[in-house]
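Throughout, protein chains are lettered first and strands after them, A, B, ... in sequence-line order, and every chain is numbered starting at 1.
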Amino acid sequence: MEQDLTYFYEFGEQVEQRISKLAQFETAYPPRVKRQHTSTQAIKLLEMAEATWPTDSADKPHIDVAVAGRLVGIRVMGKTAFAHIEDGSGRLQIYLRQNDLGDEAYHHFKKGFDLGDFIAAQGYLFRTKMGEISVHVTDFQLATKAIHPPPEKWHGLKDLETRYRQRYLDLSSNAEVRAVFAKRSKIVTLMRRYLDGQGFLEVETPTLQPIYGGAMARPFVTHHNALDMRLYLRISDELYLKRLIVGGFEKVYEICKDFRNEGISTKHNPEFTMMECYWAYADYQDMMTLTEQMIAGIAQEILGATQVMFNGQLLDFTPPWRRLNLVEAIREKTEIDIFETYGDVDALWAECQKLKLKVAPQPSWGKLVTEILGEYVEPGITHPTFIYNYPIEVSPLSKQNPADPRMVERFEVFVAGMEIGNAYSELNDPITQRARFLQQQTTADKDAEAHAMDEDYVFALMQGMPPTGGLGIGVDRVVMLLTDQPSIRDVILFPHMRPRE
RNA sequence: GAGUCGUUAGCUCAGUCGGUAGAGCAGUUGCCUUUUAAGCAACGGGCCGUGGGUUCAAGUCCCACACGGCUCACCA
């Protein structure tokens with residue numbers, strides 16, 4: 001079948017040259033090749049054989065292997081050639097000699113193979129003069145031809161835009177990037193393992209929601225054609241998970257994507273991964289303990305320590321983490337006692353003006369309090385810190401604090417100036433809950449993030465939800481901290497990008 | 001959304017005062033039978049992000065736009 005290659009030729013001279021080499025192969029994309037050892041397995045085989053080999057022996061162990069991987073370095077020296085292949089386990093050197101392979105096969109390797117191609121090679125293991133374990137190749141086959149040249153072998157791929165858009169190039173040429181995402185995977189696994197170990201049940205709740213809720217954020221809107229109805233991509237799974245507590249599950253969690261229609265930054269991606277868990281008969285104090293135990297445990301497991309370097313500063317995740325009352329935290333940083341203006345946004349605003357605080361005007365007292373928190377407290381937090389007891393009006397799903405009815409039993413966790421978690425003693429009184437939703441509606445015209453009324457959720461609470469502690473953890477941000485990546489884009493495989501052109 | 005910096009060969013980067021577009025890696029050809037960022041020699045490879053403008057002459061100066069980074073804003 002003749003094919004029009006003009007499209008591919010536009011990629012440049014090197015693509016054209018590689019395409020012309022395809023004729024040297026029966027097929028450049030065989031259905032399968034024989035691979036019996038990974039690079040690391042092959043290396044271990046020889047190391048183990050050497051360890052038991054008699055030291056006075058004249059000959060050496062002979063171990064046949066069949067390996068395969070991407071060609072990442074080729075050094076042809078006349079009638080002999082060295083190359084490095086890279087597979088999922090690591091790098092391995094292969095060695096080809098014209099004497100052993102025959103003129104035709106050796107020439108075929110020299111003229112037909114390029115960096116980036118996948119090769120399968122069979123042969124026996126040996127050590128070079130320099131001591132590197134290598135495969136002395138007796139036979140080889142092309143596994144897959146790469147018709148586009150790879151990024152530069154020494155510097156790797158640097159251009160950030162290309163790294164994010166063509167993540168496969170980033171991964172294939174930057175081993176440290178692969179390590180970050182492998183660590184991310186492990187962090188999520190360990191999070192599941194911890195929660196499973198505590199008896200939590202992993203569940204799945206809707207991404208498409210007729211009413212969005214559980215957080216203060218603007219949603220993405222979509223449409224169901226057959227039902228002709230507006231749907232929102234979830235900003236949180238909170239209200240569904242609590243319905244499950246009503247239903248009788250006592251410990252549930254979900255790790256899923258949330259979608260928030262807001263700005264993009266080094267700390268925000270429009271879709272991000274959230275872990276939320278709900279625990280009957282627990283409260284927000286219990287969730288603090290769970291949070292520090294879980295994250296310190298994960299850090300210990302993957303880093304071998306509960307202290308970690310992030311962005312040039314040492315963070316200490318060793319429990320117990322600092323617990324700081326919100327009112328105290330604000331007083332400490334601004335000398336404002338927010339209770340002196342309790343409930344009066346104008347009075348608090350006047351106080352801020354008097355002290356020349358750099359805060360933006362807010363529609364309510366509670367929002368202004370969290371604004372002050374965001375501007376004056378959060379940026380100064382380095383080590384993991386629980387800020388607890390939040391204004392009631394910014395926490396419509398949270399239970400009032402019996403000791404201080406102006407506040408709710410809620411905390412947020414901050415590390416390195418970044419919020420990584422949010423938790424409540426969950427409000428379970430349906431009458432109060434409905435009133436709180438209604439109260440949100442009074443500022444809805446001024447506040448795009450006001451929580452919507454959810455009658456179905458109130459109905460669920462009418463059946464009775466036991467006292468419950470709930471927690472949300474921003475998984476991407478935890479990964480940032482534990483992998484020392486200051487930008488969320490470096491822990492999300494395919495971060496959001498504007499389309500080209 | 002605002003400010004700011006960036007966009008040059010497949011990749012990493014130079015490019016002076018506005019005067020014929022450069023290097024390393026990668027590629028092609030030749031030499032080279034234990035190299036490892038192999039080495040030596042020769043050669044090929046450019047929409048200088050896009051579109052306007054100034055100028056005898058623009059990669060370079062001016063304007064607009066696109067995309068990206070950072071800071072701020074928005075936001076948890």
Margin query: Distance check, C1' atoms only: B/rG52 and B/rG15, in whole angstrom units.
Written below: 25 Å
Check: If we call it a pair only when both distances are under 3.5 Å in a Watson-Crick or G-U wobble match, what pairs with B/rC25?
Finding: B/rG10
Check: Does CZ in A/Arg218 sit with more than 12 non-hydrogen atoms of other residues, nucleotides or ligands closer than 6.0 Å?
Finding: no
Check: With side chains defined as the heavy atoms from C-beta onward, is the minimum distance between A/Glu292 and A/Val413 less than 4.5 Å?
Finding: no
Check: Reckon A/Arg165 touches a base, only the sugar-phosphate, or nothing at all at heavy-atom distances under 4.0 Å?
Finding: sugar-phosphate
Check: Taking the six-membered ring for Trp, are the ring centroids of A/Phe25 and A/His108 within less than 6.0 Å of each other?
Finding: yes
Margin query: Between B/rA26 and B/rC11, how far apart are the two C1' atoms, rounded to whole Å?
Written below: 7 Å
Protein-nucleic acid N or O pairs under 3.5 Å, nucleotides 72-74 of chain B:
from	atom 1	to	atom 2	distance (Å)
B/rC74	O2	A/Gly263	N	3.4

Check: Are A/Arg498 and B/rG68 close enough that a side-chain N or O sits under 4.0 Å from OP1 or OP2?
Finding: yes
Notebook entry, point to check: What nucleic acid atoms does A/Ala217 come within less than 4.0 Å of, heavy atoms only: base, sugar-phosphate, or nothing?
Noted result: sugar-phosphate
Item checked: With A/Lys110 via side chain to side chain contact (heavy atoms under 4.5 Å, CB included) - residues at least two apart -> A/Val76, A/Tyr106
Item checked: Spacing of A/Tyr9 atom OH relative to B/rG10 atom C1', expressed in whole Å -> 17 Å
Notebook entry, point to check: Within the structure, does a side-chain N or O atom of A/Arg18 lie under 4.0 Å from either OP1 or OP2 of B/rA26?
Noted result: no
Checklist line | Between P of B/rC11 and CG of A/Asp114, the distance in whole Å | finding: 16 Å
Check: Taking protein heavy atoms under 4.0 Å as touching, what does nucleotides 29-36 of chain B look like 5' to 3' if B marks base contact, S marks sugar-phosphate-only contact and - marks none?
Finding: SS-BBBBB
Next item on the list: Provide the distance between the two P atoms, one in B/rA14 and one in B/rG6, to the nearest whole Å.
Entry: 11 Å
Notebook entry, point to check: Contact class for A/Arg163 (heavy atom, under 4.0 Å): base, sugar-phosphate, or nothing?
Noted result: nothing
Check: Tell me: CD of A/Gln14 to P of B/rC11, nearest whole Å?
Finding: 10 Å
Notebook entry, point to check: Any chance CD of A/Glu104 has more than 12 other-residue heavy atoms, nucleotides or ligands included, within less than 6.0 Å?
Noted result: no
Item checked: Distance, C1' atom - from B/rG46 to B/rA21, rounded to whole angstrom -> 8 Å
Next item on the list: Determine whether A/Leu481 and A/Val308 make a side-chain contact, defined as any pair of heavy atoms from C-beta on separated by less than 4.5 Å.
Entry: no
Note to self: Work out how far the C1' atom of B/rG24 is from that of B/rA38, and round it to whole angstrom.
What the structure shows: 15 Å
Check: Got a sec, which residues hit salt bridge (Lys or Arg N to Asp or Glu O under 4.0 Å) with A/Glu412, two or more places apart in sequence or on another chain?
Finding: A/Arg410
Next item on the list: Can you run down the salt bridge (charged side-chain N to carboxylate O under 4.0 Å, His left out) pairs that involve residues 474-488 of chain A, sequence neighbours left out, and say none if there aren't any?
Entry: A/Arg184-A/Asp476
Note to self: What I want to check is whether the side chains of A/Tyr253 and A/Asp237 have a donor and an acceptor closer together than 3.5 Å.
What the structure shows: no
Item checked: Between C1' of B/rC11 and CG of A/Leu169, the distance in whole Å -> 10 Å
Produce the list of close N/O pairs, under 3.5 Å, pairing protein atoms with atoms of nucleotides 2-6 of chain B; give distances to one decimal.
none

Margin query: Taking B/rG10 as the reference, what is the distance to B/rU55 when you measure between their P atoms (whole Å, please)?
Written below: 34 Å
Next item on the list: Name all residues meeting the side chain to side chain contact (heavy atoms under 4.5 Å, CB included) criterion together with A/Leu326; count only those two or more places apart in sequence or in a different chain, and write none if there are none.
Entry: A/Ile330, A/Ile338, A/Val369, A/Leu373, A/Ile387, A/Tyr390, A/Pro391, A/Met407
Notebook entry, point to check: Rounded to whole angstroms, how far apart are CG on A/Asp117 and P on B/rA26?
Noted result: 15 Å
Next item on the list: Scan every strand shown for a Watson-Crick or G-U wobble partner of B/rG1, both distances under 3.5 Å, and answer none if you come up empty.
Entry: B/rC72
Item checked: Contacts of type side chain to side chain contact (heavy atoms under 4.5 Å, CB included), residue A/Ala49, not counting sequence neighbours -> A/Pro61, A/Ile63
Next item on the list: Go through the structure and list residues passing side chain to side chain contact (heavy atoms under 4.5 Å, CB included) with A/Arg97, not counting sequence neighbours.
Entry: A/Thr80, A/Tyr95, A/Asn99, A/Asp100, A/His136
Check: Which residue pairs satisfy the salt bridge (charged side-chain N to carboxylate O under 4.0 Å, His left out) criterion with at least one member in residues 77-89 of chain A, sequence neighbours excluded?
Finding: A/Arg35-A/Asp87, A/Glu86-A/Arg91, A/Glu86-A/Arg178
Check: Which part of the nucleic acid, if any, lies within contact of A/Thr266, taking any heavy atom under 4.0 Å across all strands shown: a base, the sugar-phosphate backbone alone, or nothing?
Finding: sugar-phosphate
Next item on the list: For B/rA58 versus B/rC47, give the span between their C1' atoms, rounded off to a whole number of Å.
Entry: 15 Å
Give each protein N/O atom lying under 3.5 Å from an N/O atom of nucleotides 23-25 of chain B, with the pair distance.
from	atom 1	to	atom 2	distance (Å)
B/rG24	N2	A/Glu152	OE2	3.4

Checklist line | 5' precedence on RNA chain B between A/Phe113 and A/Leu160 (nearest-nucleotide basis) | finding: A/Phe113
Check: When the ring planes of A/Trp321 and A/Phe386 are compared, do they come out parallel, tilted or perpendicular, using 30° and 60° as the limits?
Finding: parallel
Next item on the list: Whole angstrom is fine here: how far is it from CG in A/Leu115 over to P in B/rA37?
Entry: 14 Å
Margin query: Checking side-chain polar atoms at under 3.5 Å, does A/Gln285 have a donor or acceptor matched by the opposite partner on A/Glu409?
Written below: no
Notebook entry, point to check: With a non-hydrogen cut-off below 4.0 angstrom, is A/Gly156 in contact with a base, only sugar-phosphate, or nothing?
Noted result: sugar-phosphate
Check: Taking atom P of B/rU28 as reference, at what distance in whole Å does atom CD of A/Glu13 sit?
Finding: 9 Å
Margin query: Between B/rC61 and B/rU8, how many Å separate the two P atoms, rounded to a whole number?
Written below: 16 Å
Check: Got a sec, which pairs hit salt bridge (charged side-chain N to carboxylate O under 4.0 Å, His left out) with one end in residues 364-373 of chain A, sequence neighbours left out?
Finding: A/Lys367-A/Asp447, A/Lys367-A/Glu449
Item checked: Interatomic distance where CD1 belongs to A/Ile488 and P belongs to B/rC70 [whole Å] -> 12 Å
